[in-house]
There are 2 protein chains.
Amino acid sequence: MGYDENIDVCTDDIVHEQTLQHVRTNMLNDQIVNELAEFFRLFGDATRLRILYALSLSEMCVCDISEFLDMSQSAVSHQLKVLRQSRLVKYRREGRNVFYSLDDEHIQQIIAIGLKHINEKYTES
Amino acid sequence: MGYDENIDVCTDDIVHEQTLQHVRTNMLNDQIVNELAEFFRLFGDATRLRILYALSLSEMCVCDISEFLDMSQSAVSHQLKVLRQSRLVKYRREGRNVFYSLDDEHIQQIIAIGLKHINEKYTES
DNA sequence: CTGAAATATGAATATATGTTCATATGAACA
DNA sequence: TGTTCATATGAACATATATTCATATTTCAG
């Protein structure tokens with residue numbers, strides 16, 4: 001439905017036209033933004049983040065992860081499905097076990113930067 | 001309530017004890033994980049991501065952002081509040097306008113890595 | 001001081017999403 | 001082949017959260 005009724009949010013005619021023009025010119029397109037948001041959303045849940053970090057330490061089977069997280073196998077499987085579908089993790093079958101591991105080299109980088117951010121907030125005056 | 005009833009998810013006694021031990025030893029603690037997830041969650045919404053990316057291009061006042069995103073001033077203000085409280089953005093008042101800008105040097109880095117990820121998915125066979 | 005403009009915010013609502021529960025699938029073992 | 005173990009998955013449910021609507025706050029113009 002957009003937000004057409006109230007198109008003149010600001011009354012200075014166009015408030016800061018140059019700013020708007022610059023931002024509009026250099027903005028990411030909608031598809032990219034949406035994919036990017038979906039990508040980051042995966043890191044925005046503590047369970048998934050724990051799984052991703054654990055897998056950065058070692059390949060693990062589903063029941064290892066369940067036990068490690070102290071969560072139901074079902075909950076873990078559901079999250080693994082999400083991570084699989086987004087190609088953040090891959091898996092291989094070995095007998096009855098399915099072993100998961102990271103499938104994206106950016107995961108560690110992103111987490112590392114996040115940790116820096118957290119640490120700096122701590123050490124801030 | 002935890003997940004105590006079903007502590008033996010896997011029956012191989014303890015499935016891959018060495019793996020578990022290694023992961024447990026090197027895992028982030030809960031507080032860090034939770035803060036990290038909250039941090040990443042901020043990037044996991046398209047509106048916030050648009051705002052953050054726009055602010056990486058230029059300082060903007062609220063109504064610039066509203067107009068740019070074609071969203072209500074209220075919706076934008078609510079999201080800015082979230083970003084403010086997490087210290088991702090800062091603001092300064094100039095007359096009636098409030099100008100927002102990024103307050104975290106990691107934002108661009110994280111977005112850049114995310115974009116790399118997206119691009120590689122595209123160029124994948 | 002009064003009204004208008006820019007921004008902030010509380011409550012309500014609609015939607016998204018994580019977990020549980022029950023059950024299905026698929027592999028190994030007897 | 002039938003049973004058991006490891007994993008996957010659909011539906012239901014509960015919670016989280018983004019947007020809207022109405023209104024409050026703050027600043028400037030007159």
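Numbered from 1 within each chain, the chains take letters A, B, ... in sequence-line order.
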Which nucleotide wins on minimum distance to the side chain of H78(A), given the candidates dT20(C), dG10(C), dT27(D)? dT20(C)
Whether R84(A) and D103(A) form a salt bridge (side-chain N of Lys/Arg under 4.0 Å from carboxylate O of Asp/Glu) is what I want to check. no
Quickly work out the L69(B) CG to dT20(D) P distance and round it to whole Å. 12 Å
Compare side-chain N and O positions of R48(A) against OP1 and OP2 of dT17(C) and report whether any pair is under 4.0 Å apart. no
Rounded to whole angstrom units, what separation is found between the CG atom of L80(A) and the P atom of dG18(C)? 13 Å
Between Q109(A) and E105(A), is any side-chain donor less than 3.5 angstrom from a side-chain acceptor? no
With no hydrogens and no angle check, just 3.5 Å: does a side-chain donor-acceptor pair link S77(B) and Q73(B)? yes
Whether Y91(A) contacts dA6(D) is assessed here as follows: a side-chain N or O lying under 4.0 Å from the phosphate OP1 or OP2. Is that the case? no
Using whole Å, report how far CD of E67(B) lies from P of dT7(C). 12 Å
Measuring from the side chain of S74(A) (C-beta onward, heavy atoms only), which nucleotide among dA22(C), dA29(D), dG10(C) has the closest atom? dA22(C)
Within the pair Q79(A) and dT19(C), is there a side-chain N or O less than 4.0 Å away from OP1 or OP2? yes
Choose from dT7(C), dA6(D), dA8(D) the nucleotide whose nearest atom is closest to any side-chain atom of V62(A). dA8(D)
Would you say a side-chain N or O of K81(B) is under 4.0 Å from OP1 or OP2 of dT17(D)? no
Earlier contact from the 5' end, DNA chain C, for R41(A) and V76(A): R41(A)
Name the pairing partner of dT17(C), where a pair is Watson-Crick or G-U wobble with both distances under 3.5 Å, or state none. dA14(D)
Does the side chain of Y100(B) get closer than 4.0 angstrom to OP1 or OP2 of dA8(C) through an N or O atom? yes
Are S77(B) and dT7(C) close enough that a side-chain N or O sits under 4.0 Å from OP1 or OP2? no
Pair Y100(B), R92(B): side-chain N/O donor-acceptor within cut-off below 3.5 Å: no
Contact under 4.0 Å: S72(A) side-chain N or O vs dT20(C) OP1/OP2: yes
Integer-rounded Å distance: dC29(C) C1' and N97(A) CG: 15 Å
Under a 4.0 Å N-O cut-off, is there an ion pair linking D30(A) with R50(B)? yes
Mind checking the CD1-CD spacing from I51(A) to Q79(A)? Nearest 0.5 Å is all I need. 6.0 Å
Of dA8(C), dA4(C), dA8(D), the nucleotide closest to the side chain of R96(B) is dA4(C)
Take atom CE of M71(A) and atom P of dT7(D), then tell me their distance rounded to the nearest Å. 15 Å
Rounded to the Å, how far apart are E94(A) CD and dC5(D) C1'? 15 Å
Can you check the D70(B) CG to dT19(D) C1' distance for me, whole Å? 14 Å
Rounded to whole angstroms, how far apart are CG on D45(B) and P on dT15(C)? 16 Å
On DNA chain C, more 5' by nearest nucleotide between G95(A) and C61(B) is C61(B)
Examine dT9(D): is either OP1 or OP2 under 4.0 Å from a nitrogen or oxygen in the side chain of R84(A)? Give yes or no. yes
Look at the side chain of Q73(B) against the base of dA8(C) and say whether a donor-acceptor pair falls under 3.5 Å; ignore hydrogens and angles. yes
So what does F99(A) touch, heavy atoms closer than 4.0 Å: a base, only the sugar-phosphate, or nothing? nothing
Closest to side chain of A75(A), choosing from dT19(C), dT27(D), dA8(D): dT19(C)
